[in-house]
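Structure first, then comments.
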There are 2 protein chains.
Amino acid sequence: MELDERKLKILQAIIKNYLETGEPVGSRTISKFTDLNLSSATIRNEMSDLEELGYIVQPHTSAGRIPSDKGYRLYVDTMMQSRMQEVEQMWDALNDKADKMESLLQQVAKLLAVNTNYATLVTGPQYRSRKVKFIQLTDVDETQLLAVIVLEGNIVKNKMLPLAAELSKEDILKLNIVLNTYLTGLDMSEINLSVIAKLKEQAGGLGNVISELLDAIAQAISEEEDIPIYTSGATNILKYPELSDHHVASDLLYELEEKKSLTGLLNENTEEHGIQVYIGQETSVASMKDCSVVTATYEIEEGIYGRIGIVGPKRMDYEKVVGTLQTLKTQLDDIFKKNKE
Amino acid sequence: MELDERKLKILQAIIKNYLETGEPVGSRTISKFTDLNLSSATIRNEMSDLEELGYIVQPHTSAGRIPSDKGYRLYVDTMMQSRMQEVEQMWDALNDKADKMESLLQQVAKLLAVNTNYATLVTGPQYRSRKVKFIQLTDVDETQLLAVIVLEGNIVKNKMLPLAAELSKEDILKLNIVLNTYLTGLDMSEINLSVIAKLKEQAGGLGNVISELLDAIAQAISEEEDIPIYTSGATNILKYPELSDHHVASDLLYELEEKKSLTGLLNENTEEHGIQVYIGQETSVASMKDCSVVTATYEIEEGIYGRIGIVGPKRMDYEKVVGTLQTLKTQLDDIFKKNKE
DNA sequence: GTTAGCACTCAACTCGATGGAGTGCTAATA
DNA sequence: TATTAGCACTCCATCGAGTTGAGTGCTAAC
């Protein structure tokens, strides 16, 4: 037995209806709801088949049917076409704030949350290996040295270093030159002992400062290793009865607050650059087995990606979500492209 | 009618018991629970008095009594003495991470949440008026200028400025000197039109760059205006039945996520530097009318304060919370004092 | 002033009845 | 052969009645 045209239509009707109402949907509803002109009895037979095929399930005998994960999957795969409308105000809101990566992404998360009414996640850019682009030392006052380290992708890091002894202007200038000469273009793995030895040799009497500096640089680079994840609208999940159950909600909210376990979720399939939909068990995060997760990948520059996504109930307006993510992704791409020009 | 010794003891017993069980407490319980050797009938009479005085209330007739806000207030004011034990592991955990203000404070929030099982808030330092301490311009590449702005309290801000036309090394040097000469030591309000005019005059042909720079500086200073608030353990509130009610929990979690409205709460009474306890309506945040908030003020340096606090149910182990906050406050004070040496 | 006793109140729980939505099956129909 | 009408059945949700138990307030006695 395979899915024919009619079964597909009925399945679609069931899911559509369930998405709207959140209640199990019965045969009579479908009979009236669709333009198939079939009696409820016929629908019942078909639904029985669909259940056997695993696309829908009954919460209990004598209840209507609700879609299974497999049903949702089919729905998402086949019946969904993107819609690229509304959400225009996002654009304006975004452009206002496009100064700082952090606040931008946080803003994106919030906008998405407000627009979709789901919980949202946004990751910052992931770099494969971050290279040092530029280093600048300055004496802020007699006791403190400020190291500004610019990494590939214009990530700027600051470190305050306490000074044992005051350094002269000339010393600082010299350090700046030496550091930039030897470290520019290198990433963590390339700054090895031989480079360090050469550095210290060139720095002459300032070797001890170099050591501290290298520590700071190493820290700055590795700091970024755990990519930041921004979340917003976590409380939205309380709006959906099937998720606001005590235990489920508590786990989910904790997960969203902690964020750590989300990295796994968001790192899956990074080679695929379209929209990804994870339904129920597909998410790999245990506490989300009653949720669906939809993510999109945006591109900052060649080879550097971040992700935006939402977490909501399986009963989710997939069409709208995918559309929204699609437009948002496009807009983010544009912003970064523009910023580079 | 005033509170005599016995009424106080009974009130104390009621509150203690209620804190433990979360259930309204009846006269028989108190009769057995305390060492007063009074029958339940007598207790009933006393409880009747206490209710009349407004220290306790009945959720409904024929239910036990629970403390009113006024009752909690008395309890907190009179019967609480700090206890400075446990929480030693906090110390270790903190010292590990004392490198970066942000992560330190986030860590503090988390530790506090784990230790108390309540939702926690921590604010970063608040400066009355932030002055420019130091400005450094550098050309990262041909098209971008990096402005590093150091504010009072060693807050470092970075701004990337796109360049219309390439600047020579000499121009940048000149700009650096001019900027530092005229802006160092000034705060937002002091950078007025006359200062700006003088700046542009000195900068000669670079007036247009100056304008952009000033925008960036203004942004850097004002950016910090809304003090960062770190929260943790928000989901803890779901552990308390009286708060996990749908509407209440949703509002609370939203408030904790948004953080904005919390500033008001945390800015009250900043002149008082001890532990503050807000019960129910006292908090000024509407959604917290069923909560208590306990805050402590820590000192980073002379005149610069931040706050740590927890949000939990009115039925809260006040003694423990106050103790924990007290020790944490002390430890934070120590860390910052040490860091300065 | 304290206590024992008793009537009263109220929330929480149990239990059964009822109704409605929905199914599965069978027999009739096109 | 596919569709439909009809019917018996199942199960959840809801409602109301009855019960229980904790707790109170009052009164009279100690």
Side-chain angles (χ1 to χ4, degrees), chain A residues 1-11 13-18 20-68 71 241-242 245, chain B residues 1-11 13-18 20-68 71 241-242 245:
Chain A
M1 178 167 44
E2 227 358 86
L3 277 180
D4 55 18
E5 179 77 14
R6 198 171 70 176
K7 282 192 174 50
L8 210 73
K9 269 201 169 167
I10 291 174
L11 179 59
I14 292 172
I15 298 183
K16 265 236 173 84
N17 197 282
Y18 181 66
E20 280 169 27
T21 64
E23 298 288 313
V25 15
S27 53
R28 237 177 82 82
T29 316
I30 299 299
S31 163
K32 282 191 277 183
F33 198 70
T34 59
D35 50 357
L36 290 168
N37 275 330
L38 294 172
S39 78
S40 61
T42 314
I43 304 288
R44 274 204 288 286
N45 291 332
E46 296 286 42
M47 280 165 91
S48 185
D49 291 350
L50 283 171
E51 180 158 17
E52 208 173 308
L53 287 166
Y55 291 107
I56 51 179
V57 289
Q58 265 180 308
H60 56 85
T61 37
S62 89
R65 310 298 219 283
I66 61 175
S68 67
E242 62 266 54
D245 168 74
Chain B
M1 178 166 46
E2 228 359 86
L3 278 180
D4 56 16
E5 179 76 15
R6 198 171 69 178
K7 281 192 174 51
L8 211 71
K9 269 199 168 166
I10 291 173
L11 179 58
I14 292 172
I15 298 183
K16 265 233 172 83
N17 197 282
Y18 181 66
E20 280 167 27
T21 64
E23 298 290 312
V25 16
S27 53
R28 239 177 80 83
T29 316
I30 299 299
S31 163
K32 283 191 277 184
F33 196 69
T34 59
D35 51 357
L36 289 168
N37 275 330
L38 293 172
S39 78
S40 61
T42 313
I43 304 289
R44 274 205 288 286
N45 291 331
E46 295 287 41
M47 280 166 91
S48 184
D49 291 350
L50 282 171
E51 182 159 15
E52 207 173 311
L53 288 164
Y55 291 107
I56 50 180
V57 288
Q58 265 180 305
H60 56 85
T61 35
S62 90
R65 308 301 217 282
I66 62 175
S68 67
E242 62 266 53
D245 168 75

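The shown structure was predicted, so the numbers you read here are calculated from the model rather than taken from an experiment. In the text below, chain A, chain B and the rest are named by the order of the sequence lines, each starting its count at 1.
For Asn37(B), the CG atom is loosely surrounded, since the number of other residues' heavy atoms within 6.0 Å does not exceed 12.
For dT9(C), the base has a donor-acceptor partner in the side chain of Ser62(B) [N/O atoms by modelled type, under 3.5 angstrom].
One interatomic measurement links the two molecules: CZ of Arg44(B) to P of dA4(C), which rounds to 11 Å at whole-angstrom precision. Across the protein-nucleic acid pair, Arg65(B) atom CZ and dC10(C) atom P stand 14 Å apart, rounded to whole Å. Distance, Ile66(A) CD1 to dG22(C) P: 14 Å, rounded to whole Å. Taking atom CD1 of residue Ile30(A) and atom P of nucleotide dA21(C), one finds them 16 Å apart after rounding to whole Å. For His60(A) and dG22(C), the NE2 to P distance is 10 Å, given to the nearest whole Å. In this structure, the CD1 atom of Ile43(B) is 16 Å from the P atom of dG1(C), given to the nearest Å.
Considering all non-hydrogen atoms of both residues, Lys7(B) and Leu50(B) come closest at O-CD1, 3.9 Å. Closest approach of Ser27(A) and Ser40(A) over heavy atoms only: CB-O, 3.5 Å. Closest heavy-atom contact between Ser68(B) and Gly54(B): OG-O, 2.6 Å. Between Pro67(A) and Val57(A) the shortest heavy-atom distance is O-CG2, 4.4 Å.
If you check residues 33-41 of chain B against DNA chain D, you find no residue with a heavy atom closer than 4.0 Å.
Between Arg65(B) and the choices Glu46(B), Glu23(B), Glu51(B), the salt bridge (charged side-chain N to carboxylate O under 4.0 Å, His left out) rule is met once, by Glu51(B). Checking each of Leu3(A), Leu36(A), Ile15(A), Thr34(A) against Ile10(A) for a side chain to side chain contact (heavy atoms under 4.5 Å, CB included) leaves exactly one that passes, namely Leu36(A).
Formation of a donor-acceptor pair under 3.5 Å by the Ser31(A) side chain with backbone atoms of Ser39(A) is not found in this model.
When DNA chain D is scanned 5' to 3' for any atom under 4.0 Å from a heavy atom of chain A, the first and last hits are dT3(D) to dC12(D).
Among the protein residues, Thr61(A) comes within range of the sugar-phosphate backbone only, with heavy atoms under 4.0 Å from sugar or phosphate atoms but none that close to a base.
Note on Ser27(A): every side-chain N or O is 4.0 Å or more away from OP1 and OP2 of dG22(C). Contact between the side-chain N/O atoms of Arg6(B) and the OP1/OP2 oxygens of dT2(C) is found at a separation under 4.0 Å.
Two residues are said to be in side-chain contact when any heavy atoms from C-beta on lie closer than 4.5 Å; Ile14(A) and Tyr55(A) fail this criterion.
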